[in-house]
Amino acid sequence: MHEFQVAGMGCSSCVNKITQAIHAHDPDAIVNIALDTGRVEVESEDPAHVLCNIISDLGYRIQD
């Protein structure tokens with residue numbers, strides 16, 4: 001499981017956009033997003049840096 005703190009998410013559209021982008025790359029991924037905390041959890045075979053790039057390419061910022 002990969003966990004990321006993501007800045008810039010503010011609505012359900014953001015959740016859908018991130019979820020769809022990850023599923024486009026890994027259809028079997030399990031994505032859980034908590035808008036209130038900015039936490040994105042992804043269970044995927046993809047390495048963390050690939051998932052970070054997918055999220056970043058959508059315009060969101062991964063926080064350390």
Task: Flag, side chain of His2 to backbone of Cys52, donor-acceptor distance under 3.5 Å - done: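 No; zero donor-acceptor contacts below 3.5 Å.
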Open item on the list: Test your reading of the model: is there a side-chain donor-acceptor pair from Glu43 to the backbone of Asp28, 3.5 Å cut-off?
Closed with: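 No; judged by distance alone, with no hydrogens or angles, the pair does not exist.
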Side-chain atoms of residues 29-36: list all donor-acceptor pairs with protein atoms under 3.5 Å, sequence neighbours left out, distances to 0.1 Å.
none

TODO: Please report the closest heavy-atom contact between Ala48 and Phe4, naming both atoms and the distance.
DONE: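 Nearest heavy atoms, Ala48 then Phe4: O-CZ, 3.9 Å.
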Task: Spacing of Glu41 atom CD and Leu51 atom CG [to the nearest 0.5 Å] - done: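 One finds 12.5 Å between CD of Glu41 and CG of Leu51.
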Open item on the list: Which residues pass the side chain to side chain donor-acceptor pair (under 3.5 Å) test with Glu3, not counting sequence neighbours?
Closed with: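 With sequence neighbours excluded, Glu3 shows a side chain to side chain donor-acceptor pair (under 3.5 Å) to Arg39, given in chain and number order.
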For residues 8-22, run the donor-acceptor check on the side chains, cut-off 3.5 Å, and write out each pair with its distance to 0.1 Å, sequence neighbours left out.
{"residue": "Asn16", "atom": "ND2", "partner": "Ser12", "partner atom": "O", "Å": "3.3"}
{"residue": "Thr19", "atom": "OG1", "partner": "Val15", "partner atom": "O", "Å": "2.8"}

Open item on the list: I'd like to know whether CD of Glu45 has more than 12 heavy-atom contacts from other residues, nucleotides or ligands below 6.0 angstrom.
Closed with: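 No - once you tally the heavy atoms of other residues, nucleotides and ligands closer than 6.0 Å, there are 12 at most.
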